[in-house]
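Notes follow once the structure below has been shown.
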Amino acid sequence: MDQNAYQGSELYSSAPAGKKGAAYYRARAREALKPSYWVAFGASLLAGVLGGSASAGSFSSSVSFDEEDIQNLITAYREGGIDAIFTSNPLIPFLIGALVFGSLFGFCLRLFVGSPVLLGYQRFTLDIVDGKPVTLPSIFRFFSTCYGKSVWLRLIYEVIFMLLSLPLAAVSVIGVWETRHAILRVAEGQMAPADITAIMLLVSGIFLLAIVTVILQIWLQYRYAFCFMILAEYPEMGVLDAFRNSASLMRGKKWSYFCLQFSFVGWVLLAGMCTCGIGMLFLAPYMDAASAVFYDDITNRAAARETEFPSLNPDDYVVD
């Protein structure tokens, strides 16, 4: 299969790496997926189940309360504080325990099983882009090699984002606790102007801090977008070097990568309209392959075979 079928066009031949446009990357991804889409679909599905997807979700649950339940909780708190809430309904401690256990189990699954699977899936998508034959078991290749590095890489990655979220979580918890009496009075319909002012200040502060947190997280996500793919291609590399090389690769290319991902918004909306969002399962291989094509372009992997790579010098990735 000709991996450069689109590079010969006048539109893209002179474009620098990372600047060829979303249509180019999507077209190459479609061409690469033609002979192996269903294998890629199976690999993407299996990786997601095992926590090896970069967008793997965590445990979540839904609990609904009617007005009577809320009033009972308010009454219990006024009569006996936090302890009274836990003793008022035996399901509350059970639900909290189930939530904590589910979150811990999901984290351990992503870390100890999903980490090597994620690296294997990243290498799998690169093989598709390179036109190599792929098999489903190949996503497990890093259980025997580079297992420790994969776990450390993902642990550091998740800790970075967890630490970034701590200020928002701390301000939210402390703020809600300090204004708890005002919140209770508003919930009971006995509000005063001071209560509304306190709550509005709390909501405004949390909202502004949430915006700052989201912006920083998005920036870091694009900065370290390819740390897993780099380690998957170069397992002999150090974990911190994978972060450094991803940051170097994405310097000046974050906007182009954002445009590539945003170009899928129509497909994402259409896939989300399917039952339980099942359409995303079919869309994921396409999006992952497009990301791998973008990585292939910005790293100039053809030229990299003749030079030392990865390199921390951004000039090494410039295509003449």
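What you see is a predicted model, and the numbers here were worked out from it, not measured in a lab. What you see below is based on every heavy atom in this structure, not just the backbone, and it leaves out hydrogens, waters and symmetry mates.
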### Message
Would Met250 and Ile298 count as a side chain to side chain contact (heavy atoms under 4.5 Å, CB included) here? Give the steps.
### Response
CA-CA 8 Å; Met250 293 301 288; Ile298 65 176; 4.0 Å; yes

### Heavy-atom side-chain proximity of Val293 to Leu260 below 4.5 angstrom
no

### Query
Under a 4.5 Å side-chain heavy-atom rule over Ile, Leu, Val, Met, Phe, Trp and Tyr, are Phe105 and Ile96 clustered together?
no

### Query
Is there a donor-acceptor contact under 3.5 Å from the side chain of Arg223 to the main chain of Leu220?
no

## Note on the structure
Rounding to 0.5 Å, atoms CZ (Phe264) and CG (Leu283) come to a distance of 6.5 Å

### Task
Scan for side-chain hydrogen bond (donor to acceptor under 3.5 Å, both in side chains) pairs involving residues 281-294, sequence neighbours excluded, and state none if there are none.
Arg30-Tyr286, Tyr121-Asp288, Tyr257-Ser291

Side-chain donor-acceptor pairs of residues 164-174 under 3.5 Å, sequence neighbours excluded:
residue, atom, partner, partner atom, Å
Ser165, OG, Phe161, O, 3.0
Ser165, OG, Gln217, NE2, 2.7
Ser172, OG, Leu168, O, 2.7

### Query
So how far is it from Phe226 CZ to Lys253 NZ, rounded to the nearest 0.5 Å?
10.5 Å

### Task
Taking Lys254 for its side chain and Gln221 for its backbone only, find out whether a donor-acceptor pair lies under 3.5 Å.
no

### Task
Looking only at non-hydrogen atoms, find the nearest pair between Ala22 and Cys259 and report the distance.
CB-O, 4.1 Å

### Query
What's the spacing between Phe294 CZ and Gln261 CD if we round to 0.5 Å?
9.0 Å

### Message
How long is the straight-line distance from CD of Glu31 back to CD1 of Ile128, given to the nearest 0.5 Å?
### Response
13.0 Å

### Query
Roughly how far, to the nearest 0.5 Å, is CZ of Arg123 from OH of Tyr234?
8.5 Å

### Message
For Phe262, give me all partners under ring pair (Phe, Tyr, Trp, His ring centres under 6.0 Å), at least two apart in sequence or on another chain.
### Response
Phe258

#### Entry: Phe142 vs Leu231 side-chain heavy atoms within contact, under 4.5 Å
no

### Message
Within the 3.5 Å criterion, strictly below it, is a donor on Gln122 or Tyr295 matched to an acceptor on the partner's side chain?
### Response
no

### Message
Within the supplied structure, the quantity of interest is the number of heavy atoms (other residues, nucleotides, ligands) at a distance under 6.0 Å from Ile278 CD1; does it exceed 12?
### Response
no

### Message
With a 3.5 Å distance limit and no angle check, can you tell me whether Ser246 reaches the backbone of Phe243 through a side-chain donor-acceptor pair?
### Response
no

### Query
Taking a hydrophobic cluster as the set of Ile, Leu, Val, Met, Phe, Trp and Tyr residues connected by side-chain heavy atoms closer than 4.5 Å, whether directly or through intermediates, do Ile206 and Leu208 fall within one such cluster?
no

### Task
With sequence neighbours left out, write down each residue that passes ring pair (Phe, Tyr, Trp, His ring centres under 6.0 Å) with Phe282, or none if nothing qualifies.
Phe41

#### Entry: Side-chain (Ser248) to main-chain (Arg244) donor-acceptor, under 3.5 angstrom
no

### Message
So that I can tick it off, tell me whether Arg28 and Asp296 are bridged by a salt bridge, with the cut-off set at under 4.0 angstrom between side-chain N and carboxylate O.
### Response
yes

### Query
Does the side chain to side chain contact (heavy atoms under 4.5 Å, CB included) test come out yes or no for Leu111 and Glu158, once each step is laid out?
CA-CA 9 Å; Leu111 184 62; Glu158 297 213 3; over 6 Å; no

### Query
Hey, does Thr299 have a side-chain heavy atom less than 4.5 Å from the side chain of Glu233?
no

### Message
Let's go through Leu119 and Ser115 carefully: what are the C-alpha distance in whole Å and the side-chain angles of both, what is the deciding distance for side chain to side chain contact (heavy atoms under 4.5 Å, CB included) to 0.1 Å, and is it a yes or a no?
### Response
CA-CA 7 Å; Leu119 253 63; Ser115 298; over 6 Å; no

### Message
Starting from Phe207, can I reach Ile183 by hopping between I/L/V/M/F/W/Y residues whose side chains sit under 4.5 Å apart?
### Response
no

### Query
Between Arg141 and Ser138, is there a donor-acceptor pair closer than 3.5 Å when you use the side chain of the first and the backbone of the second?
yes

### Task
Test side chain to side chain contact (heavy atoms under 4.5 Å, CB included) on Ile156 and Tyr224 and set out the steps.
CA-CA 11 Å; Ile156 294 173; Tyr224 299 130; over 6 Å; no

### Query
In Å and rounded to the nearest 0.5 Å, what is the CG to OG distance from Leu136 to Ser36?
12.0 Å

### Query
Is Leu163 reachable from Ile218 through a run of hydrophobic residues whose side-chain heavy atoms are each under 4.5 Å from the next?
yes

### 4.5 Å side-chain heavy-atom contact, Met237 and Asn245
yes

### Distance-minimising heavy-atom pair for Arg180 and Trp177
NH1-O, 2.6 Å

## Note on the structure
Looking only at heavy atoms, the pair that brings Pro285 and Ser44 closest together is CG-CB, 4.0 Å

### Query
Any link between Ile160 and Leu249 through a network of hydrophobic side chains (Ile, Leu, Val, Met, Phe, Trp, Tyr) touching at under 4.5 Å?
yes

### Message
Please give me the minimum heavy-atom distance between Ala292 and Val129, naming the atom from each residue.
### Response
CB-CG2, 3.6 Å

### Query
Shortest non-hydrogen contact from Ile139 to Ala47?
CD1-N, 4.4 Å

### Query
Under a 4.5 Å cut-off applied to non-hydrogen side-chain atoms, are Phe124 and Thr135 in contact?
no

Show every donor-acceptor pair shorter than 3.5 Å between a side-chain atom in residues 195-204 and any protein atom, with sequence neighbours excluded, or say none if there are none.
residue, atom, partner, partner atom, Å
Asp195, OD1, Arg185, NE, 3.4
Asp195, OD1, Arg185, NH2, 2.8
Asp195, OD2, Arg185, NE, 2.8
Asp195, OD2, Ala192, N, 3.3
Thr197, OG1, Pro193, O, 2.9
Ser204, OG, Met200, O, 2.8

### Query
Do the side chains of Thr145 and Pro235 get nearer than 4.5 Å, heavy atoms only?
no

### Message
Holding to side chain to side chain contact (heavy atoms under 4.5 Å, CB included), I want the full list of residues that pass it with Cys108, two or more places apart in sequence or in another chain.
### Response
Leu104, Phe112

